[in-house]
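Please read all numbers here as calculations on a predicted model, not as lab measurements. Each chain gets a letter, A, B and so on, in the order the sequences are listed, and its residues count up from 1.
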Number of protein chains: 2
Amino acid sequence: MAQATIRDVAREAEVSVASVSRALNGAENIRADTRARVVAAAEKLGYVPHAGARSLSMARAHAIGVVLPDLHGEFFSEIVRGMDKEASARGFHLLLSNMHADLNDAVHALRAMRGRVDGLVVMAPHLDAAELMRNMPQNVPAVLVNCRADQGTPALLVDNVGGADTMVRHLLGTGRRAIAHVTGPSGNLDAEERLAGFRLSMRRHAGVDDPLVLPGDFSEEAGAAATRALIAGGQRVDAIFAANDMMAIGCMLALREAGVSVPEQIAVAGFDDIPVARYLHLTTMRVPIAGIGALAVTRLTDQLSGRGNPAATELHAPELEVRATTTAHKKEGRTRT
Amino acid sequence: MAQATIRDVAREAEVSVASVSRALNGAENIRADTRARVVAAAEKLGYVPHAGARSLSMARAHAIGVVLPDLHGEFFSEIVRGMDKEASARGFHLLLSNMHADLNDAVHALRAMRGRVDGLVVMAPHLDAAELMRNMPQNVPAVLVNCRADQGTPALLVDNVGGADTMVRHLLGTGRRAIAHVTGPSGNLDAEERLAGFRLSMRRHAGVDDPLVLPGDFSEEAGAAATRALIAGGQRVDAIFAANDMMAIGCMLALREAGVSVPEQIAVAGFDDIPVARYLHLTTMRVPIAGIGALAVTRLTDQLSGRGNPAATELHAPELEVRATTTAHKKEGRTRT
DNA sequence: CCATACTATGTAACCGGTTACAGCGAAGGA
DNA sequence: TCCTTCGCTGTAACCGGTTACATAGTATGG
């Protein structure tokens, strides 16, 4: 026996489908006893409204599509958690779709959402603006997170340049001068901005025009490899600033392997403040990931209900989190939670 | 101008809607030039099929609902990653919904999925079987993960009892006898099973009928608090087995605060093997979280297409991961990745 | 040359809701 | 008593697709 439909309920309660709809959706213009009969019939038949049908006729799905790049661990968890919290508070569901590096994938992911969601949150640090805009559905509101977006599209950005600058100044402030940067994958927006911020800051505050830059790809292994290469090359360095925490962790492992002490001989810093960073006492720039996710949903739902200034672009400054990997060794890192 | 519909495309291509549908869905019975005209028209109008309408008429949403309890960090990320990978490989989307401890929440979450998804993956270690089954939609296939389920419902379970037993035997094997257990929240299935396994194993292999059990709630702070209470109480213990890794981490922090050395004076072990555990050299039972997520989706989609043995219950044994917190201190933990 | 089979296409019903509009009975006013 | 108004209910169109069935056109065989 298939699930009961609204017509089954109508038959059972001996009313029309319109009355059933009205009764169950809390309309005013219905007699109390009719409503009671309908509710009883629905209960008896175990009726549950068909959300798909409803969203078709109401042109409102009460769902928002989330398109993310291939999900790097904790980052993913955090942003989805933030979105989910906000979305469920506002009565929305989250429809997930991750796209891989391939552009066709992205197109497919975006298209598959049409007619299923009321709006989109898109995060695509690896696509360029033109490609992205060409593939965005025209009539679906969207909020872009960390994307190379054209102006006029609602967007949330992390101030990577400013964050890198803050970190460089912190390192300089602890007396380090020979700072190496390990980059993220080429083509990645965050990676490029962090590198640019690093270069800018080194020129401006250290007077270094051509600082040491090692290629990486955001993975722990890349951080370790870059560090081993650095050591093998005999470069003299007193700090490594990795473009994200995972690589910074890789750096630390490689340094320990090589018997280099952190932070005495070489300081290490990362970017993101993933949960592991705290336990490893890693100095990093905290990106409020969950907060950004929540905000993206807030912005989107506001836009859907006509509130707020949709086109605004917001820049979120990460916050410096100083821990033991860049400070003089004083017994133990702080135990703040 | 609203999004183009299939009728707009039909008008543009001067054919019927049926032909448009056939042309775009790769049906055989359509002339090549007709198909070309349709494709051109669709392209010109920027037509994207309305997934909601399609799933209504086909009674197939190509989406699976995921209902999770309030998401504890890494666990969540891992299981969703596993599901997403498998789901997108099979052409399914994931519709997320987290329910909080409240039962009404759970009911609401389950109902809201009807008509939006083809099946459900439900994880609810805090609800009891009767409640759960009463609230499961009747005609929606579902796979339960770590639930108190009636038999006959497809389910995936972690062998918590066996895992706890393995850990106890490991600790006994390293010479520890006075082992305390820090439990998870009461009412939680995993917590109860792990406690039961601990008690069973202590009786059977250590001859201890009433081992020391400290209440916890799976949080880092609870682990620390339990440990402080233990120390303050002057209990003599040479190992702490926490019901999950977060609490084990809390234990380690509290022990360090108190100047107790790990593992020399007290060994510490956890359960789950969250990513952080490796970096902290925490001995733990590895639960293949992502694998279970992927498997849940596989089971569900198989069931949807009539393959596989739907009603089977599978038990997944976690694997002992020995690290430095339970082994004699020999300079440094292994650096395996 | 006509019956038959097969192919390409169109028409309209259907999926399961919502809702504009029409209709009907009762109450109120003249 | 009749007309208007109002409150409740039902009918049917609609959302945007898919698809069973009918039909027209063409090729095939006797």
Original post:
Hey, can you pull the residues of residues 49-64 of chain B with a non-hydrogen atom under 4.0 angstrom from DNA chain C?
Top reply: B:Leu56, B:Ser57
Original post:
For residues 4-11 of chain A, which residues have at least one heavy atom under 4.0 Å from DNA chain C?
Top reply: A:Thr5, A:Ile6, A:Arg7
Original post:
Which residue pairs pass the side chain to side chain donor-acceptor pair (under 3.5 Å) test when at least one of the two sits in residues 32-42 of chain A, sequence neighbours left out?
Top reply: A:Arg31-A:Asp33
**OP:** Look at the rings of A:Phe76 and B:Phe76 and say which category their plane angle falls in: under 30° parallel, 30 to 60° tilted, over 60° perpendicular.
**Re:** parallel
Subject >> Under 3.5 Å donor-acceptor, B:Ser19 side chain and B:Val15 backbone >> reply: no
**OP:** Inspect the contact between A:Glu28 and A:Arg22 and indicate whether a charged nitrogen and a carboxylate oxygen are less than 4.0 angstrom apart.
**Re:** no
Below 3.5 Å, can you tabulate the donor-acceptor pairs from side chains in residues 50-59 of chain B to any protein atom, sequence neighbours excluded?
from, atom 1, to, atom 2, distance (Å)
B:His50, ND1, B:Gly52, N, 3.3
B:His50, ND1, B:Ala53, N, 3.0
B:Arg54, NH1, B:Asn25, OD1, 3.4
B:Ser55, OG, B:Ala51, O, 3.4
B:Ser55, OG, B:Gly52, O, 3.0
B:Ser57, OG, B:Arg54, O, 3.4

Subject >> Note: B:Asp302-B:Arg90 ion pair, threshold 4.0 Å (strictly below) >> reply: yes
Original post:
Checking all strands, does A:Val15 fall into the base, sugar-phosphate, or nothing category for heavy-atom contacts under 4.0 angstrom?
Top reply: sugar-phosphate
Original post:
Hey, are A:Asp8 and A:Arg11 close enough for a salt bridge, meaning a charged N less than 4.0 Å from a carboxylate O?
Top reply: yes
Subject >> Comparing A:Asn25 and B:Ser19 on DNA chain C - which has the more 5′ nearest nucleotide >> reply: B:Ser19
Original post:
How would you label the contact of B:Arg35 with the nucleic acid (heavy atoms, under 4.0 Å): base, sugar-phosphate, or nothing?
Top reply: nothing
Original post:
Can you pull the contact range of chain B along DNA chain D, 5' to 3', using atoms under 4.0 angstrom from its heavy atoms?
Top reply: D:dG16 to D:dT19
Original post:
Got a salt bridge between B:Arg148 and B:Glu193, using NZ or NE/NH1/NH2 to carboxylate O under 4.0 Å?
Top reply: no
Original post:
Would the number of heavy atoms belonging to other residues, nucleotides or ligands and lying under 6.0 Å from CD of B:Glu314 be above 12?
Top reply: yes
Original post:
Can you list the residues that meet the salt bridge (Lys or Arg N to Asp or Glu O under 4.0 Å) rule with B:Arg60, with sequence neighbours excluded?
Top reply: B:Asp118
Subject >> Whole angstrom value for the distance that separates P of C:dA20 from CG of A:Asn29 >> reply: 11 Å
